[in-house]
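Here is the structure we will look at.
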Amino acid sequence: MNTKHESDLVEAPEAVQADPQRPFVRVLFIAGGLAFLILQVMFFYGLAVAKQSRRPDVLLVTFDTLRADHCSACGYDRPTTRTLETLAAGGARFAVACAPMATTAPSHASMFTSRYPLSHGVLRNGFRLPDEAVTLAELLRDQGYSTAAFVSSFVLYHKFGLAQGFDVYDDDFSGAEGTQAQTGAWEGEAVPGRTVDRRADATTDAALKWLAAAAVEPEGRKRRPIFTWVHYMDPHEPYVPPESFGDPFGSARMTPGSLEQAIARYDTEIAFADAQLKRLVDAFDAAGRETEPLIIVTSDHGEAFCEHGWRGHGPQIYEEAVRIPLIVRWEGRIPPGRVIEAPVSLPDVAATVLDLIGVDAPRTDFDGESLAAALTKGVRLDDDRPHVFQRRLYERDGAVEPIPLREMDGATFGQSVEVRGVKFAIRSGRWKYYEAREERVARELYDLRADPGEQSNVAADHPDDVNRLSQMLNTWRRRQLAGLLQRPPQTVTSQDRAILESLGYTEPDDDDP
Ligand SMILES: [Zn+2]
């Protein structure tokens, strides 16, 4: 069979050897081989470039302290978020999006690593995300993305580890007008400027300046895709919107120092930051690539206005402190106006972005799940998928006092929150169950369908659900602790040890001989 070809192959070297022009033939042979190799490299490089150039620019925006029900895009009656409304109309909105902790750095770390705070180890502001953490920015940079971040609070200063993966990390507020003047130190770190934050207009200016340079096409080839994270601090207290923005919700007519006035000013800060977001979105839309940009807007936590007696966020994980907007727009891929009802959480963000743009990642480390199929194809998500919440770490037990509203007549609202040990919650289906074993009310159960404001603790009426959810929480804690990135967190002080032990960071059995 096929002996003709076999003999050709066997005889061919003989023929070459007999050829008097052998050196010329060899050169031709080598040149041909080289040309073939070059063509092959060019082909595969071309495929890689084509794949990369089809990847969209990605804009990820986090509004600090933006509770979902104060966004007009999520049904609020004041027109606070016109830009978010437009983005949601052109893409998808999640009706129930959650933050795992009502604290800035831990929630952002969860969004970037797709892990819960208990496993990434940032249990309060000032803890550093360990270098071992793999972040969304690192994974996108590995895929050829040009990466840049523009943050607006010292809480996200690069020393705290969220700069991993960013070519540019702009956290310089020294020349900007801020809302919280502070000099000296914060959480043990020196504050370089006169303020610990900057307003959304200054952050947007910095991002647009970078984008203008990054969006330029190099001579004769496509530019790299861009990943930009922009963080706006404005809605965080103190509620002092810039005077130049006016008073769209009439706060000046309200009783000075009232809760009503504080909320109107909070809403005004949201509207101001949302107006800045429009500048950013317009610039991304105009940045000119063949693929439409992927835009994700969310928040790190909400804000309580005394629904459970306390104003602010840190010690609370009730709905007002953890429910956030999550809006994703990708024209041509996500149908306009889609609303997804199943609950989702910030650890889902990184998994979703990677999946949407077609990047394989080490998903075994992810606590979050990709929402890509729900976004693009309308695949129904599991309504009962559990989501876990954890109160930020406090150094010691005691009362967390109400925070006075600075520059607002010194008003203070609400009661203090008593913090004893750790507090977790788990949400699944209609239920949200809280467990704080060392507190006076150790177990709380709320029926979110009947009681979305969590005013009526029905734990005593539903012992089976309490036991089931408590077991789920315990199983989850064991799994989280098995996957710890650091043990214990590097920045922990001796004062924290007792609390860390109660969290499970150190196993008491390990110390026993
Ligand atoms: Zn925050």
Side-chain angles (χ1 to χ4, degrees), residues 60-71 80-81 97-113 116-117 120 122-129 149-163 171 173 178-180 182 186-187 189 191 195-200 203 229-241 262 265-267 269-270 272-274 276-277 296-305 310-326 345-347 349 389-394 400 403 405-406 417:
L60 173 60
V61 177
T62 51
F63 284 67
D64 211 287
T65 322
L66 178 52
R67 56 185 277 178
D69 62 357
H70 279 243
C71 297
T80 47
T81 55
C98 310
M101 191 177 273
T103 303
T104 307
S107 270
H108 278 95
S110 287
M111 183 183 71
F112 278 113
T113 61
Y116 277 104
H120 65 55
V122 183
L123 294 173
R124 63 166 169 80
N125 293 333
F127 275 17
R128 182 187 158 78
L129 181 68
F150 302 86
V151 300
S152 304
S153 167
F154 188 75
V155 174
L156 301 172
Y157 201 47
H158 64 272
K159 283 188 181 173
F160 302 127
L162 284 167
D171 57 0
F173 321 136
T179 64
Q180 296 189 62
Q182 180 156 348
W186 179 88
E187 298 275 12
E189 295 286 341
V191 175
T195 175
V196 291
D197 63 2
R198 62 177 165 186
R199 292 193 190 277
T203 306
W229 167 41
V230 175
H231 163 258
Y232 292 138
M233 188 63 172
D234 300 66
H236 195 282
E237 62 93 26
Y239 313 127
V240 282
R265 291 193 185 188
Y266 168 73
D267 290 343
E269 293 198 300
I270 295 170
F272 170 69
D274 178 83
Q276 298 305 313
L277 173 64
I296 304 114
V297 186
T298 187
S299 175
D300 58 346
H301 51 77
E303 184 81 327
F305 286 108
W310 158 269
R311 185 197 64 78
H313 42 270
Q316 297 277 47
I317 45 176
Y318 293 113
E319 290 291 275
E320 60 271 17
V322 297
R323 282 282 292 283
I324 51 174
L326 177 59
S345 190
L346 278 181
V349 169
F389 307 84
Q390 181 180 353
R391 179 170 63 204
R392 57 152 282 190
L393 182 66
Y394 280 88
V400 180
I403 306 164
L405 292 169
R406 278 164 276 176
V417 178

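Atoms within each ligand, like the ligands themselves, are counted from 1 in listed order. Numbering of residues begins at 1 and proceeds along the displayed sequence.
Side chain of R128 to backbone of K159: a donor-acceptor contact under 3.5 angstrom is found. Side-chain atoms of T298 come within 3.5 Å of backbone atoms of P325 as a donor-acceptor pair (strictly under, hydrogens ignored). When atom types are taken as modelled, the side chain of R198 and the backbone of V151 share a donor-acceptor pair closer than 3.5 angstrom.
Taking 2.8 Å as the criterion, H301 counts as a coordinating residue of the Zn ion (ligand 1), since one of its N, O or S atoms falls below it. Not a single N, O or S atom of S153, from either the backbone or the side chain, sits less than 2.8 Å from the Zn ion (ligand 1).
With respect to the Zn ion (ligand 1), D300 has OD2 as its nearest N, O or S atom. Looking at D64 and the Zn ion (ligand 1) together, the shortest N, O or S contact belongs to OD1.
Between the side chains of T81 and D274, no donor N or O sits under 3.5 Å from an acceptor N or O.
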